[in-house]
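Data first, discussion second: the structure below is written as structure tokens.
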Amino acid sequence: MLTKRIIPCLDIKDGRTVKGTNFIELRDAGNPVELAMRYCEEGADELVFLDITATTEKRKTLAKLVRKIATHINIPFTVGGGISTVEDVSVLLENGADKISINTSAVKNPQLINELAKNFGSQCVVVAIDAKIIDNDWKVVTHGGRNATTLLTIDWAKEATERGAGELLLTSMENDGTKVGFALEITKEITNSVTVPVIASGGAGSMEHFADIFQQANADAALAASIFHFKEIAIPDLKQYLRNQNIAVRL
Amino acid sequence: MNTVIIKYNSGNIQSVQFALERIGINAIVTDDAAQIKSADKVIFPGVGEASSAMNFLKERKLDELIISLKQPVLGICLGMQLLCKYSEENDTNCLGIFENVTVRKFHATEANLKIPQIGWNSISNLQSGLFKNIDNNSYCYYVHGYYAEQNEHTIATTEYGIAYSAAIQKNNFYGVQFHPEKSAAVGEQILKNFLAI
């Protein structure tokens, strides 16, 4: 039986892990390869590395880091952040990334999704969507949540899928960092409307929240960062809990 | 031991090489016929699209070479599918080593069946040395939208809407639909088992 996936997300800045984008001061959380290896041993199903390095020059360190991760990690991993061309993706995949995720660049240039799917296959193209309630509708926001758009989240999810996204990573900016649980309704609306897997993100604060997003919103995977980094929830405990709730997980 | 990974226009070849490094094997990635022929073990990986992969293999005459191999060969994901007779993916005639096996498209007809299948699914009915020391219902990582139907060469099955071939074997040819190079400890054991054949 296909299992639900638990995905820790590591934010990377200048080749180091930083803890929590919701905190005003980014704190260095050390070597991303070591943290990733710990998550592998604990039973994470996949990893996401999000590069928040600002400058192009410093982004070159990302390819080197991806290669290091790929040589040490025996589970799949996705790399995202600042990817806007076929060439960007080519470099990351050649260095061992399994999938890449695009967000703002896809909204600006939707054709990029088609190009990446054609060049590398849909299986490695994750379209990340940041969603926020604006004027009573779930709208897409870009630039890490700073810029509003008029795009309806549901419409963009469908369009991204039609253009060749193999997976969607849906983050609710309403829930992100709140620890009140994932955004069940918009996630459910999207999982019911597209045929590709949906990774839910934003708001995880307890093990019950993970059960809810799988059982009530039919998410295929759930992503979280700080609760894993700060060891508030241990992955083996979370998976045992989910299994006890009759949710299929890999233990 | 001399292990070769066949180089062609497919993704994830590097991942297979990294996985072998983790278990202490330095594999050569090559499309050189002499090197492939003389290898002790050949791995034929793949992520991508069937027709363009077949065209690429034919242009370089790698199709004839692969069919002629006598040492153990392991096809992974698309590599496994290309060992079959035919794939519904863009109406592609494949290598035909598994002469009666058709590769079919998953259909999102059943409730909640997402296409492609992405994630960890269990393998069962394990019937080969390839699965030595692997427990029934172990989890392996899959990413695919097409599958090989069950057939007389099936040596492991997985269910996703229907039961299909997680792995196949005929003589020296082995194929796995999942990605052992991304399947944590279980995958590493399967790679070790293949290299020990």
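Chain identifiers are assigned alphabetically (A, B, ...) following the order of the sequence lines, protein sequences preceding nucleic acid strands; residue numbering begins at 1 within each chain. Everything numeric here is computed off the predicted structure, so don't read it as measured data.
With hydrogens and angles left out, the side-chain atoms of B:Ser52 and B:Asn55 include no donor and acceptor closer than 3.5 Å. Counting only N and O atoms by type, the side chains of B:Ser87 and B:Tyr146 include no donor and acceptor under 3.5 Å apart.
Heavy-atom contacts from other residues, nucleotides or ligands closer than 6.0 Å to NZ of A:Lys68 number 12 or fewer. Environment of CD in A:Glu185: sparse, with no more than 12 heavy atoms of neighbouring residues, nucleotides or ligands closer than 6.0 Å.
The stretch residues 241-251 of chain A places A:Arg243, A:Val249, A:Arg250, A:Leu251 near chain B, each with some heavy atom under 4.5 Å from a heavy atom of that chain.
A cation-pi arrangement, defined by a distance under 6.0 Å to the six-membered ring centre and an angle within 45 degrees of its axis, is absent between B:Arg22 and B:Phe18.
Atom CG of A:Asp98 sits about 8.0 Å away from atom CD of B:Glu181, to the nearest 0.5 Å.
Per-residue heavy-atom pair counts under 4.5 Å with chain A were compared for B:Lys182, B:Glu188, B:Glu49, and the maximum is reached by B:Lys182. Among A:Cys40, A:Gly96, A:Ala70, the residue with the largest count of heavy-atom pairs under 4.5 Å with chain B is A:Ala70.
In this structure the side chain of A:Ile75 never reaches within 4.5 angstrom of the side chain of A:Asp45, judged on heavy atoms. B:Val186 places none of its side-chain heavy atoms less than 4.5 Å from the side chain of B:Phe178.
When heavy atoms are compared at a cutoff of 4.5 Å, A:Glu167 approaches chain B solely by way of its side chain, counted from C-beta outward. For B:Ala19, no part lies under 4.5 angstrom from a heavy atom of chain A. For a residue to count as touching a neighbouring chain, one of its non-hydrogen atoms must lie under 4.5 Å from one of that chain's; by this rule B:Ser15 touches chain A with the side chain only. The contact between A:Lys99 and chain B is made entirely by side chain atoms (from C-beta outward), counting heavy-atom distances below 4.5 Å. Interface remark: A:Ser122 contributes no atoms to any contact with chain B (heavy atom separation under 4.5 Å). For B:Gln17, no part lies near chain A; criterion is any non-hydrogen pair under 4.5 Å.
Sorted by first and then second residue, the pairs that involve residues 76-100 of chain B and meet ring-ring contact (aromatic ring centres under 6.0 Å, His included), not counting sequence neighbours, are B:Phe98-B:His153.
Between B:Glu149 and B:Arg104, at least one side-chain nitrogen of the basic residue sits less than 4.0 Å from a carboxylate oxygen of the acidic one, meeting the salt-bridge criterion.
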